[in-house]
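Heavy atoms only: backbone and side chains are in, while hydrogens, waters and symmetry mates are out.
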Amino acid sequence: MHLRADVGCKSCHGSVDEMDIVRQVQPLSMGWCLECHRDPTSHVRPQGVSVTDATTTEPGRRVDRCRQDPARWSGDAAPHLNPPIHCSACHR
Amino acid sequence: MKTTTENGTAENGTTYWRSLGQLENSPEFQEILAREFPEGITEAPDDVSRRGFLGAIAATVALAGMTSCRKPETKILPFNKRPAGYQPGIAQQYATTILRDGHGIGVLVKSNDGRPTKIEGNPSHPSSLGGSDSQLQAELLQLYDPGRSHEASNAHSRMHAAEEHDGHGEHGGHADHEVNVWEEFAGWLNDATGDMMTKQGGGVHFLMPPSSSPSLQAAIARMTNGSFPKARVHTWTALHRDNEFAGSQLAFGKTVATHCDFAKADVVLTLDCDFLASEGNNLAAARAWGARRKGANNPSRLYAVESCFTTTGTAADHRFRTKSSDIPAVAFALANVLGVGAGSELQRAVSAHDAKAFAKNGKQWLEIVARDLQANAGKCAVIAGRNQSPAVHAIVQAINEKLGNFGKTVIHTAVPAGIGGSCVKSIQELAAAMQAGTVETLVFLGSNPVLDAPADLKFGELLKTKKPKTTVHVGLYADETAKLCDWHLPMAHELESWGDARAFDGTVSLQQPLVAPLHGGVSALEFVAFFGQEVVGNASYEDLPANRDTTYGYELVKSHWQQASGAPDFDTTWWPKALHDGMVEGTAFAAESVTANGGAIAAAVQAWKKPTGIEVSLRACPKMADGRYANNSWMAEIPDPLTKLSWDNAALVSMATAKQLGVQNGDFLTISSGGTQLQVPAWILPGHADDSVTIYLGWGRQPDEHHMKVAHGAGFNAYPLRSSAQQWVLNDAQVSRGQGSYKLVCTQEHGTMAGRALVREADVATNKANPRWAPKQSPLDQAAALHKQTEKDVNKSLWTERGYDLGKESMDEAVRRSPYQWGMVIDLNACTGCSACMTACVAENNIPMVGKIQVERNREMFWIRTDRYFTSRGDNNLEMAEDPQVANQPVPCMQCENAPCESVCPVAATTHSPDGLNDMVYNRCIGTRYCSNNCPYKVRRYNYLDYLGTVPQTKRMAFNPDVTVRSRGVMEKCTYCVQRINGGRIEAKLAGKKVGDGANDVHVTTACAQACPTQAITFGNIIEANSAVARLRGSDLNYGLLSELNTKPRTTYLGRVRNPNPELSNA
């Protein structure tokens, strides 16, 4: 699901390619999830950059270039970038 | 203007009541009403004082320490390498077959990481059509029942176990002393086979339930045609169809199966047949009947004549209660009125009984029914129950023939091999052979005759006094019979074995295992082949003792069908397709043309004598069947559809009979017949026939309490009363008041909603004259009329609402952007109250069973309940209450748009989602229970204790991994199966589709809607104009429960339209 929304692997898993021993780099807490869900356009990869591309640097996970294409990424025109923030989205 | 009085009398003079206590307005009922929660609900749990309870909590917290406040940590082990074609966490569905009464019902089983977690009906299978019932759902728990037999045993192993138990087996270590019973059994069989072959199988007897399985019948035939021609196979099941087949023999001179097409029948008369729930091809019948009743378009009419109120009786438009032993008179009188066999011996025979037909107004009633049937000749059906005599079944055939129903609404087909014989005769022959001492080797293959054989055969004693040389028991449980046998081998559950069966219409259905046998069981097919020492393909009988996860069963089934199908492309096409579909299309039996033989029926009719006095009627339990589900806690706890009794059965009587016997609910009755005396507590069931006592079979088993904990001590066993001659109805029984009383637990007064128009009913004429009668019963509508305003004006909110159903017009952006608004419509026209929805919900949502003591305190946890209201004419008229009708109403969470629960939660643990769901967040909940107090529908359930924490490990395997397991102190309720909704949404998003009803859409439905055999429940997206649920919400019959409170319920109901015969309504 997240891959389809153009969220890079690194956003949640960190730079696994640089780790000797795999470790958790993000808190994976509800607040951390919601940070992204409330402001999705700041956290997705730019068009044309693969989600698996490990070379892309993501300072603070923010990649603002997607905002350059508002027709694709904003409002009602982008139903596929409409991450839910209500409780039962995750709590089932 | 009020619709109803405080006592619940509607303006048309009909009273709606849930129990006699309510009708009489007894002080006890008033107290229940005033208390809101029954006594004890706020008090501490069993045998623990408040101080002790707090101490226990403190200890738990201390133990949990810093790691977690609720759950201990466990380590998990991931796959080292992932098996090909397998995606962890993605559930798969397999088609297979579950047998009932020897016939196959097609099911789809969901498997999570190799673990079956949910059973659904197979939509393309003719005996299911996608529906299921409580018992089919409960097969899942049956698979994981920790009480199932875990190991093979014989005298040697039992002695060994006893020694270990006494502490003598400690030296030398456990493993050295391990007895491999399977190896020993194989050794015995090897030694014995030579001797058996010399005798050509003489002295070898099998006892098994009737089975239509073609490969099993073929294996038996290979045995009896091969080395053991003198071996005998007896069939026995307590719920046999002997009467139906004997009736068919009488009428036609051959055994045929009778199928009624309820989709085509405009008028149906049932004579003691619960065809919608516990008899025959009930799922297909319920689907066809429901289709005729849904939405009240051209509804069929159902008349029921029965002694005990059944699910079918609640669905009937007219119900005539009479003793089961008087129902032959009804059938004969009907034949007489219709002129069956005019001028022949048959007519003289039926007319001779006519005068004795009925008490009270029965004769007039019957004449009106007969006229209705005659007016619909060729478009009606008469059906008789399995407890009625062969003569009744035969005369019903003649009646259907006379009405021209043959080949139209009543179809005859062949009976599959292995089914059509007489079970009583068969087990009598076995008992006689045992008496004569000619039985040397006796194999019980899935039978438990010590419990359920006719009492006069005294099977338990026979096994002790006339014990055959060797007795072998193969069964799911180490039950009453197993204890008396030399050998016991565990049997594989149907979800663990390869096999096949024929559906009721003859369609070949295949059975494939979802898991390897959990406790190393064998299937009946494997055992028969093993006994015959067969070698098939690559698999040999010799593999079986060492490893029961062999390909033996697979090879047996496959080789049978390779031969039987004769398909040239068997391996590439036929077999994979049959396994994928779970069935083979086009294998149903062809309809047969039959003609009734009046002379033979006449003789049987003449032989009938009207019995007098009180009768005792024994029936299949809608939950326990013949006792096979006795250790299944779902079946024990889910309230009975009619009595709403939980964890017990009882002797059901009418009010008048109870008065005559001097008993009240729970008082013991002494019932004696044929030298047996039983004590069973009485329970008054309004609508039960007078002078009749009904006891459901299958309860009160007394097995080993260490293994079968659920069955132990639940209910009362009626089998000791059941003799070969009187299988269903006892006419010689003595019934009197016994000593003392017993606590029966019943949920019928839990969650009472007194005095409001909750269930809304009308008849066809009213519906025609005023199509919007159902919503108009709302007090709101009436208030609007009074103030000359619209309903909307009266129900105006003080603040601006988010307007969930407004879609793009909503003020809330999140709501505007949500493409879905979920809703549910329950069509009361099709609901039979069978409670399949409740069991499906339990299975889907990991709902705990709480036990009898907790149910008594109103702590049952069902997210959907089935309310049952009795209705009778007149205000508080007890006489009319003897003959009530029943209205059923399933009540899940209404998912109110203005949810009263949300506004009172101090921690926002229950909030609203933009797609209109009333979310419940368990880990926010602090257990104030304010929400439950403020819920007008009383659908929120609270975990008073840690119910799920005590569930045994094996039962935990039945848990749905997509649903949170709740702990103590947490409120829970129906979520509209939000895990299914989200699963569907994700699937749709990934595939670039949407969730909906269209052909290209991803389909999402709730567990209750999926299970409902009549499809009374519809779930979907209400803002999509073309969806089924949106169309139903727009129906004239649509009304919301208590919508006058402006809760804006998302779950709505369609008012029930009864189709009474105008002649009878005025009578």
Practice item. Let me see the working for Asp919(B) and His86(A) under side-chain contact (heavy atoms from CB on, under 4.5 Å), right down to the final yes or no. Key: CA-CA 8 Å; Asp919(B) 288 349; His86(A) 59 274; 3.7 Å; yes
Practice item. Identify which part of Asp915(B) has an atom lying under 4.5 Å from any heavy atom of chain A, answering side chain, backbone, both or neither. Key: side chain
Check your understanding: For chain A, which residues of residues 971-980 of chain B have at least one non-hydrogen atom nearer than 4.5 Å to it?
Key -> Val978(B), Gln979(B)
Review point. Crowded around Phe959(B) CZ? As in, over 12 foreign heavy atoms under 6.0 Å?
Key: yes
**Study point:** Residues in side-chain hydrogen bond (donor to acceptor under 3.5 Å, both in side chains) contact with Tyr947(B), at least two apart in sequence or another chain
**Key:** Gln854(B)
Check your understanding: Is a donor on one side and an acceptor on the other found under 3.5 Å between the side chain of Asn982(B) and the backbone of Cys90(A)?
Key -> no
Revision key, fill the gap. Ranking Thr964(B), Val921(B), Ile981(B), Leu990(B) by heavy-atom pairs under 4.5 Å to chain A gives rank one to Leu990(B)
Check your understanding: Looking at SG of Cys87(A) and NE2 of His912(B), how far apart are the two atoms once the value is rounded to the nearest 0.5 Å?
Key -> 11.5 Å
